[in-house]
Amino acid sequence: MVPAPPAPARGPISARARAVTAAAPYLEGLNPEQRLAVETLDGAVLVLAGAGTGKTRVLTTRIGHIMATGRARGSQILAVTFTNKAAREMKHRIGALVGGEVEGMPWLGTFHSIGVKILRRHAELAGLKSGFTILDTDDQIRLLKQVLDVASVDKERWPARQLAGLIDGWKNRGQTPDMVPKGEAASFADGKGGQLYAEYQKRLKELNAVDFGDLLVECVRLFREHPDVLADYRSRFRYILVDEYQDTNTVQYLWLKLLALGRETPLVGKAAGSDNASPNVCCVGDDDQSIYGWRGAEVDNILRFDKDFPGATVIRLERNYRSTGHILAAASHVIAMNQGRLGKTLFTDGVKGEKVTVTGVWDDTEEARIVGDEIERLRKGGHKLNEIAVLMRASFQMRAFEDRFITLGMPYRVIGGPRFYERAEIKDAIAYLEVVHNPTHDLKFERIVNVPKRGIGDTTVHRIIAHSRARAIPLAIAAAEMVQADELSPKTRRSLNDLLASIERWRSRIAGMRHTDLAEMIFDESGYTAMLQADKSPQAQSRLENLKELVRFMHDFDTLEGFLEHVSLVMDIDSGNDGERVTLMTLHAAKGLEFDTVFLPGWEEGLFPHQRALDESGLKGLEEERRLAYVGLTRAKKRARVSFTENRRTRGLFQSATPSRFVDELPEADVEVIEAKGPFSGAYRSLGGGGGAGGYGGGSRFDNEAFKSSYQTPGWQRAQQHSQQQGSGPGQGGHGHAHGAGQGQAQGRPGGTSGSAYGAGQTKRWPDKGGARTPRLIEGQVLASSTGSASEFKRGDRVFHEKFGYGAVSEVDGNKLTVDFEKAGQKKVVDSFVERG
DNA sequence: CTTAGCGGCCTTTTT
DNA sequence: GGCCGCTAAG
């Protein structure tokens with residue numbers, strides 16, 4: 001049911017608020033709805049903020065307003081976000097608003113960071129010691145493996161990962177081992193699922209550790225079991241604000257309800273306003289942008305807000321300040337196909353702007369090519385590369401774009417690859433630091449005990465673990481005891497002893513030297529740096545760089561301890577990633593961002609909507625996929641470019657694809673069909689042309705029939721011939737090597753190489769250079785022959801490339817090089833992307 | 001203890 | 001087609 005439109009602010013509240021307004025410049029420039037959202041301070045408020053309607057501004061202004069009106073001090077406001085990034089942004093903006101640092105808001109943070117804060121204060125009540133450690137996903141898996149071992153579960157059939165997923169899911173729903181539904185608990189390891197979960201929790205307690213899920217589950221338990229503690233927080237938090245409410249999962253929801261209402265169920269049938277606990281809770285979100293159902297988010301939370309908080313004020317922000325008319329209309333039309341939504345109608349006063357374009361192409365290579373060409377064109381027209389993004393459904397799609405951009409010399413950055421703290425070398429490094437800081441951190445100890453390899457293998461580790469279990473002591477102590485005894489072979493014994501001695505030695509230096517120097521010392525003396533230096537693989541270099549980056553980052557902290565506390569929670573680093581670059585990322589990663597021009601490739605059935613979402617979640621899954629389409633479109637300020645391929649390469653082989661149903665859901669009036677200008681566009685062109693001008697003659701414009709028939713056209717056949725020639729042609733064969741998805745290259749190239757090395761205006765375009773020089777046109781080659789400047793490299797030079805590693809130059813053409821990479825095969829690259837190897 | 005080779009998996013991802 | 005994780009051989 002769609003809640004009634006918001007009633008205007010009433011009585012004394014508005015009067016009071018208005019009185020303030022005169023002296024509150026921050027309220028100026030807000031539209032009426034935004035202002036209402038800022039000024040409705042009493043009771044529960046749900047702000048439905050459509051894409052680009054000024055959500056963050058409302059949230060931050062509201063906080064500023066609460067403080068400015070003296071209703072509460074910063075320390076009495078609880079403001080939760082999902083990501084550290086969002087928390088940072090909010091802090092920053094409130095700071096700008098209030099003028100000054102936001103030291104006064106200790107309770108602004110992520111659900112998890114606030115959860116830790118609360119748990120640390122009452123650790124004993126939660127059955128923990130105050131210095132408990134927080135396990136990351138890696139530690140979690142490690143621990144689960146041990147649990148599976150002890151229970152002698154076949155790890156082949158029942159991987160620890162899967163159990164981790166299940167436990168995560170249970171924790172997301174706030175279920176402790178005894179609360180897990182029997183059927184579900186039985187679904188793992190022949191009915192042992194529940195037991196294993198219980199065992200895992202027991203081990204966590206023994207280790208004085210919690211995982212991410214526990215930060216909330218344990219908090220909820222604390223609140224339930226200790227009403228006095230809950231009451232304390234309830235009186236402390238006069239105002240509660242929640243960002244991205246549509247993304248909350250069940251524990252977060254319970255957590256909030258306990259804090260806001262003091263109980264988990266709303267008063268049924270009671271007059272809402274009479275509840276003098278008066279939860280001043282304000283949730284901001286957009287049901288249409290709920291795209292995290294698969295990791296436990298419950299859209300229902302936002303859909304039933306007014307049932308949880310009877311009498312809640314619902315305010316809709318529908319005035320969009322981001323996108324031009326056609327884009328907004330297209331997005332709205334698509335999202336309107338969804339059933340379960342609260343319903344909003346976004347509008348804009350701005351210009352209609354350009355229509356959303358739809359282009360069908362032959363395959364992913366051509367798709368990347370037309371996108372690259374268009375970006376080239378836009379850049380020449382003065383478009384900022386930072387204002388361009390390519391948003392895709394799945395990360396494997398990025399490959400084609402990266403390849404193409406490298407060929408073009410187009411600077412790009414990838415967001416959402418493996419993040420900094422997820423890289424193996426960083427985890428190793430942090431594990432060392434953690435062990436030095438706290439030698440009883442068993443999982444970290446286990447991680448580094450044989451990295452770099454020092455002859456302490458699985459058997460030894462297992463014996464240490466067994467010993468530590470038997471005596472209920474930490475691994476490091478167990479190891480020390482075993483070194484004293486004659487348990488181990490002399491070699492192992494010595495090696496282990498050296499390690500333990502080193503740890504002690506480093507530990508004794510904590511107080512005496514700068515933590516950054518200590519870190520360097522540790523990486524050096526442990527042999528870790530030496531290991532990377534000895535590593536000839538192409539990634540080793542950037543790994544060393546990452547370590548340096550880590551040490552640089554440590555400078556921001558005063559102590560080792562401070563640094564470690566930070567990283568256990570914040571798996572994120574703000575690295576200077578500046579410079580003009582095109583952004584490549586997934587649709588998920590794009591939520592909350594905006595760009596002038598947005599490319600949306602891969603709109604094909606099976607990929608988007610993703611087949612798996614459909615199979616596993618049916619209509620619900622489809623609607624979430626549709627919301628993803630909505631999120632994608634609404635990222636665009638001025639230009640949105642949708643494309644789909646007719647042939648998608650999956651698992652190495654080509655499969656013909658059908659355009660996404662979402663393409664058909666775009667409203668005719670706001671869309672323009674564009675022909676691909678490449679040589680492979682025959683099929684689509686025939687469709688667009690054959691279907692009548694515009695191609696919108698009712699029914700599906702892109703359905704299978706149309707495509708089937710187009711397969712007979714000359715264009716298609718030509719294209720097919722082409723692709724066959726290409727497939728076997730030189731320079732194409734290299735496709736598919738060495739991408740090493742996520743090998744620390746996630747940032748694209750490091751600074752230094754500049755896109756400007758690639759002279760604009762020198763590019764000759766398809767297809768004018770036809771068969772004159774080569775019978776087959778191989779992409780990249782035309783470009784390769786067209787640049788004037790001579791390269792500093794010559795045939796036979798050995799070079800190093802950030803992404804492809806080492807190789808030898810086999811051909812030089814202007815500033816384009818053909819290089820035979822040792823690992824990656826033959827690639828064409830721009831010389832500015834390589835250095836002498 | 002290390003390394004090579006084989007088999008299974010393959011959407012999205014924060015804390 | 002490629003990567004990760006595990007197992008079995010050296």
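All chains are named by letter (A, B, ...) in the order of the sequence lines, taking the proteins before the strands, and each is independently numbered beginning at 1.
Here the side chains of A:Y253 and A:N249 are not in contact, with every heavy-atom distance at 4.5 Å or above. Residues A:Q146 and A:L443 meet the side-chain proximity criterion, which asks for heavy atoms closer than 4.5 Å. Residues A:V284 and A:E244 are not in side-chain contact: their nearest non-hydrogen atoms beyond the backbone lie 4.5 Å or more apart.
Between A:W603 and A:F662, the ring-plane angle classifies as perpendicular under the 30° and 60° cut-offs.
Nucleic acid contact class of A:R161 (heavy atoms, under 4.0 Å, all strands): sugar-phosphate only. A:K145 comes within contact range of the sugar-phosphate backbone alone, with a heavy-atom separation under 4.0 Å but no base atom that close.
A cation-pi arrangement is present between A:R120 and A:F132 under the rule of less than 6.0 angstrom and at most 45 degrees off the ring axis. Cation-pi check for A:R627 over A:Y630 is not met; the charged atom does not lie both under 6.0 angstrom from the ring centroid and within 45 degrees of its normal.
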Open item on the list: Across nucleotides 7-13 of chain B, 5' to 3', mark each nucleotide with B, S or - according to how protein heavy atoms within less than 4.0 Å reach it.
Closed with: ---BBBB

Open item on the list: Output one letter per nucleotide in nucleotides 1-6 of chain B: B when a protein non-hydrogen atom lies under 4.0 Å from the base, S when only the sugar-phosphate is that close, - when neither is.
Closed with: SSS---

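Atom CG in A:D138 sits about 14 Å away from atom C1' in B:dT15, given to the nearest Å. In this structure, the CG atom of A:D154 is 8 Å from the P atom of C:dT7, given to the nearest Å. B:dT15 atom P lies 17 Å from atom CG of A:D139, rounded to whole Å. Between the CZ atom of A:F654 and the P atom of C:dG1 there is a distance of 11 Å, rounded to whole Å. In this structure, the CG atom of A:L148 is 14 Å from the C1' atom of C:dG5, given to the nearest Å. A:D211 places its CG atom 14 Å from the C1' atom of B:dT14, with the value rounded to the nearest Å. Here the C1' atom of nucleotide B:dT14 and the NZ atom of A:K171 are 16 Å apart, to the nearest Å. Separating the CZ atom of A:R423 from the C1' atom of C:dC4 is a distance of 18 Å, rounded to the nearest angstrom.
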- [ ] Using the salt bridge (charged side-chain N to carboxylate O under 4.0 Å, His left out) rule, take A:K427 and A:E434 through it: C-alpha gap first, then chi angles, then the decisive distance, then the call.
- [x] CA-CA 10 Å; A:K427 285 183 168 177; A:E434 183 72 57; over 6 Å; no

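In terms of heavy atoms, A:K444 sits closest to A:D139 at NZ-OD2, 2.8 Å.
Remark: A:R649 does not engage A:D363 in a salt bridge, criterion side-chain N to carboxylate O under 4.0 Å.
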